[in-house]
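So the structure is just underneath, and the comments pick up after that.
Numbering of ligands and ligand atoms starts at 1, following listing order.
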Amino acid sequence: MKKKIAPSILSADFARLGDEVQAVAAAGADYIHIDVMDGMFVPNITIGPLVVEAVKQVTTLPLDVHLMIEQPERYLEAFVQAGATILSVHPETCRHLQRTLRAIRELGAHPAVALNPATPLSTLDHVLDDVEMILLMTVNPGFGGQEFIPAMLPKIRKLKSLLTRAQKKIPIEVDGGIAISTIKKVAAAGADVFVAGSGIFKTPDYKKTIATMKRLIAA
Ligand code: DX5
Ligand code: ZN
């Protein structure tokens, strides 16, 4: 599976968002990761469909939209219309997870499930046919710039072997604390898609950072 880098705009300069998105795209990003927070499921409030629509205007990269909101089914259509390519939902926020995933697919987007660090992998047992990506949070969601939780490495390995055994080619995405200093061990554990906010946007040269990350995950 081709490894991918997904810069999270949460750590970008929002006053210059269009330029920031184009800069990481030119630097070799594969997806643009967009964090939607509602101040309920997570303690922070970020952005809604309007900003997704604005980002869509400035890039042709797929938009990887990570919904950290209660009852996400209320907003699926709005985010797909705004230009979301992938929509990740947390099972902790969905009363009927499989129905929500199916709704995402019916709207024409790619459904993904995001798991908090303490949420067990068994949550995925009965929805594997309905997901096209699995996002393992490697920090507790809510903020950029938090420290990677090392206990997530065995969780990534376990998911990887579970998917191999089930003969499912579903990419594993990791999100939180991913930077040049951590990306290699996360890749070795089996991750395929690497979200990085501060690990990219807080570095001086995006091109250099993403090139280094790609070299580290290819090794
Ligand atoms: C955290 C978000 C992340 C965040 C990661 O709740 O889901 O996507 O932007 O930030 P870093 O890469 O700085 O840990
Ligand atoms: Zn995220």
Look at ligand 1 and say whether [X] reaches it with a heavy atom at a distance under 4.0 Å.
{"X": "F148", "value": "no"}
{"X": "K202", "value": "no"}
{"X": "V139", "value": "no"}

Donor-acceptor under 3.5 Å ([X] side chain, [Y] main chain):
{"X": "Q22", "Y": "V58", "result": "yes"}
{"X": "T138", "Y": "M152", "result": "no"}
{"X": "T164", "Y": "K160", "result": "yes"}

List ligand 1 atoms under 4.0 Å from [X], heavy atoms only on the residue side.
{"X": "V195", "answer": "8 (O)"}
{"X": "H33", "answer": "8 (O)"}
{"X": "M137", "answer": "7 (O)"}
{"X": "M68", "answer": "6 (O), 7 (O)"}
{"X": "P141", "answer": "6 (O)"}
{"X": "D175", "answer": "2 (C), 3 (C), 4 (C), 5 (C), 7 (O), 8 (O)"}
{"X": "L10", "answer": "4 (C), 9 (O)"}
{"X": "D35", "answer": "2 (C), 3 (C), 4 (C), 7 (O), 8 (O), 9 (O)"}

Hey, which N, O or S atom on D175 ends up closest to the Zn ion (ligand 2)?
OD2
Name of the D35 atom (N/O/S only) found closest to the Zn ion (ligand 2):
OD1
So with a 6.0 Å cut-off around CZ of R99, is the heavy-atom count from everything else above 12?
no
With a cut-off of 6.0 Å (strictly less than), are more than 12 heavy atoms of other residues, nucleotides or ligands near CZ of F143?
yes
Does [X] reach ligand 1 with a nitrogen or oxygen that is under 3.5 Å from one of the ligand's nitrogen or oxygen atoms?
{"X": "G142", "result": "yes"}
{"X": "S198", "result": "yes"}
{"X": "G197", "result": "yes"}
{"X": "G199", "result": "no"}

How far apart are the closest heavy atoms of [X] and [Y], and which atoms are they?
{"X": "L162", "Y": "L128", "value": "CD2-CD1, 4.4 Å"}
{"X": "D38", "Y": "E70", "value": "OD2-N, 2.7 Å"}
{"X": "S88", "Y": "A114", "value": "CB-CB, 4.4 Å"}

Does the plane of the ring in H66 sit parallel, tilted or perpendicular to the ring in H90? Use 30° and 60° as the thresholds.
parallel
Would you mind checking if [Y] and [X] are paired as a salt bridge, meaning a charged N to carboxylate O distance below 4.0 Å?
{"X": "K2", "Y": "D30", "answer": "yes"}
{"X": "E73", "Y": "R95", "answer": "no"}
{"X": "D192", "Y": "K169", "answer": "no"}

Looking from the Zn ion (ligand 2), what is the angle between ND1 on H66 and NE2 on H33, to the nearest 10°?
100°
What protein heavy atom sits nearest [atom], and how far away is it?
{"atom": "atom 9 (O) of ligand 1", "answer": "S8 OG, 2.7 Å"}
{"atom": "atom 10 (O) of ligand 1", "answer": "G144 CA, 3.5 Å"}
{"atom": "atom 14 (O) of ligand 1", "answer": "G177 N, 2.8 Å"}
{"atom": "atom 1 (C) of ligand 1", "answer": "F143 O, 3.6 Å"}

My understanding is that we take every heavy atom of each candidate and find the minimum distance to atom 11 (P) of ligand 1. Doing that for P7, A114, G145, A6, which one comes out nearest?
G145
Would you indicate whether the side-chain heavy atoms of P49 and Q81 approach each other to under 4.5 Å?
no
Under 4.0 Å from ligand 1, counting heavy atoms only, is it the side chain of A196, its backbone, both or neither?
backbone
Are a donor atom and an acceptor atom from the side chains of T119 and E92 found within less than 3.5 Å of each other?
yes
